[in-house]
Amino acid sequence: MSSSQPPIGTERKVVTELPGPKSRALHERRRQVVSAGLSTGFPVYIERGEGAILLDVDGNQFLDLGSGIAVTSIGHAVPAVIEAVSQQVADFTHTCFMVVPYEEYVEVCEELAALTPGDFPKTTALFNSGSEAVENAVKVARLATGRQAIVAFDHAYHGRTNLTMALTAKNMPYKEHFGPFAPEVYRAPMSYPYRDGLSGAEAAQRAIAAIESQVGAHNVAGLLIEPIQGEGGFVVPADGFLPALSAWAAAHGVVFIADEIQAGFCRTGDWFAVNHEGVIPDLVTTAKGLAGGLPLAAVTGRAELMNAVHEGGLGGTYGGNPVAAAAALATIRTMRELDLPAKARAIGETLSTRLHAIAAESPLVGDVRGRGAMMAIELVTPGTTEPNAAAAKAVVAYCNQNGVLALSCGTYGNVIRLLPPLVITDAQLRDGLDVLAEAVRAAS
Ligand SMILES: *Cc1c(COP(=O)(O)O)cnc(C)c1O
């Protein structure tokens, strides 16, 4: 437990070449036994974390601007989570909720019913991963509507299982040679203001026209969308796009499913990203930030949809595991106590100001976008909108070498995304942004 360890402190610190000798040795061991199909952005092996800092096996300290892809939003080694998880491990670790139930599962569902948008009866089913939550949202939408088609969007990312691969847009590395894919998945054009120049209403019209002509509204069970796209490049749809799609779905008996797995749980400055436009989904999928680093995911939505499923139709051995559920309760309590939506908005202001300044000084930056503590820069060939993946790679590598963990993303691999822990201090955030600014300067 962290309490028995010396504190890590709050600063990044590079004390060896990177990766250091111990990390290199571990990487060699890994090569013998870990499938080469798993990639690693930066092979420094982590020993401990604290707040926004990760300590590696060589004594290097990294400022974490990725939160393990929006998972550790409340930071690393949070005392409330350590305590809740330790207690739960000591009490019991598993029963299988479908065999004999326990209170923690119910309490997480109560929290999700209260926190997700919509003032109507809601029920929830818990799972282990985001992909599993998306799969189950699709099951519910199909069963409740008696229809089969699911519409997903360009640049979408919904996971790596067979059905969610089909829902994910990008081929490499997610889909290549992994087919055949699940049928009855259709793709509609996304609103991508930097690249399509359309208003939200225009982009929604384009998407709806495509769905109506290629699928038929009466065949559509569900419309599945990330309110701000994650892996696809932090694409924020133009204002009005989500409300127009949600209204169209309601008018045609289509289940509107918001995939809030990356954007949800305080990340964008509100509990859920759809709240910024007052959109009320029929079903919401959550995972990542929900449980402070433990694997937990959920589908929450209108009781009449969720409860339409026959008894035994949803479930799984580990879904809603008591240890993960205890971690989620501690995480949600921490988010409330620290008012992390407000903290995410403040982080967003610092990010926005600084990223726009970086863009003003570098022709590599084509676009700055995002909301709250989920912001990105899209890098292009200067003077064009041509995606510049090489520059993004160079910027991330520079940050890594200087003790800052930053992530890239995007259909074209040219977007640098920032997902700092929401407990990052102002000094840490400014320090990380100084390094990012230097990195962009060096790549320019
Ligand atoms: C990460 C992610 C998923 C998949 O979650 P896993 O836990 O990796 O299966 C689905 N949707 C979105 C929007 C995500 O960001």
Side-chain angles (χ1 to χ4, degrees), residues 37-41 66-73 116 125-139 141 150-170 173-175 178 181-182 185 187 190 222-237 242 256-268 271-274 279 281 283-301 316 318-321 324 327-328 331 370-376 407-411 415 417-419:
L38 286 126
S39 68
T40 291
S67 305
I69 318 187
V71 171
T72 48
S73 293
T116 51
L126 299 179
F127 303 97
N128 304 293
S129 70
S131 305
E132 212 187 338
V134 171
E135 292 240 3
N136 280 278
V138 168
K139 282 161 69 170
I150 301 293
V151 175
F153 287 79
D154 285 333
H155 313 289
Y157 182 85
H158 298 292
R160 293 171 179 268
T161 57
N162 185 264
L163 173 56
T164 58
M165 265 195 297
L167 294 161
T168 289
K170 191 176 176 177
Y174 308 123
K175 302 166 78 164
F178 292 151
F181 302 111
V185 169
R187 198 158 306 284
M190 177 65 181
L223 205 147
L224 170 66
I225 191 161
E226 298 156 88
I228 296 179
Q229 290 182 323
E231 305 306 302
F234 278 33
V235 178
V236 185
L242 294 173
F256 186 89
I257 308 165
D259 183 347
E260 290 265 5
I261 288 168
Q262 191 155 157
F265 275 95
C266 308
R267 179 54 51 193
T268 65
W271 281 89
F272 296 97
V274 287
V279 168
L283 300 179
V284 179
T285 55
T286 53
K288 296 198 164 95
L290 164 61
L294 276 85
L296 188 71
V299 184
T300 302
Y318 293 109
N321 169 271
T331 298
R371 244 194 241 281
M374 182 174 186
M375 293 206 66
L407 307 172
S408 63
C409 65
T411 297
V415 177
R417 57 171 151 174
L418 300 172
L419 293 163

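Residue indices begin at 1 and follow the sequence shown. One-based numbering, in listed order, for ligands and for the atoms of each.
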**Asked** Does E226 reach ligand 1 with a nitrogen or oxygen that is under 3.5 Å from one of the ligand's nitrogen or oxygen atoms?
**Response** no
**Item:** Whether K170 side chain and G410 backbone form a donor-acceptor pair below 3.5 Å
**Value:** yes
**Request:** Provide the number and element of each atom of ligand 1 under 4.0 Å from a heavy atom of G130.
**Result:** 4 (C), 5 (O), 6 (P), 7 (O), 9 (O)
**Request:** Return yes or no for this condition: an N or O of E132 is under 3.5 Å from an N or O of ligand 1.
**Result:** no
**ligand 1 to Q262 polar contact by distance, N or O atoms, under 3.5 Å** = yes
**Request:** Distance to 0.1 Å, residue and atom name: give those for the protein heavy atom nearest to atom 14 (C) of ligand 1.
**Result:** K288 NZ, 2.9 Å
**Item:** Residues which pass ring-ring contact (aromatic ring centres under 6.0 Å, His included) with Y174, listed by chain and number, not counting sequence neighbours
**Value:** Y157
**Request:** Closest by any non-hydrogen atom to atom 12 (C) of ligand 1: pick that one out of T286, D259, I228.
**Result:** D259
**Item:** Shortest non-hydrogen contact from Q229 toward M374
**Value:** O-CE, 3.9 Å
**Prompt:** Quick one: which ligand 1 atoms are inside 4.0 Å of a heavy atom on S131?
**Reply:** 4 (C), 5 (O), 6 (P), 9 (O)
**Message:** For a 4.5 angstrom cut-off between non-hydrogen side-chain atoms, does V185 reach V138?
**Reply:** no
**Request:** Please report the closest heavy-atom contact between S73 and G289, naming both atoms and the distance.
**Result:** OG-CA, 4.4 Å
**Item:** Location of contacts on S129 toward ligand 1, heavy atoms closer than 4.0 Å
**Value:** both
**Item:** side chain to side chain contact (heavy atoms under 4.5 Å, CB included) against K139, all qualifying residues, sequence neighbours excluded
**Value:** N136, L314
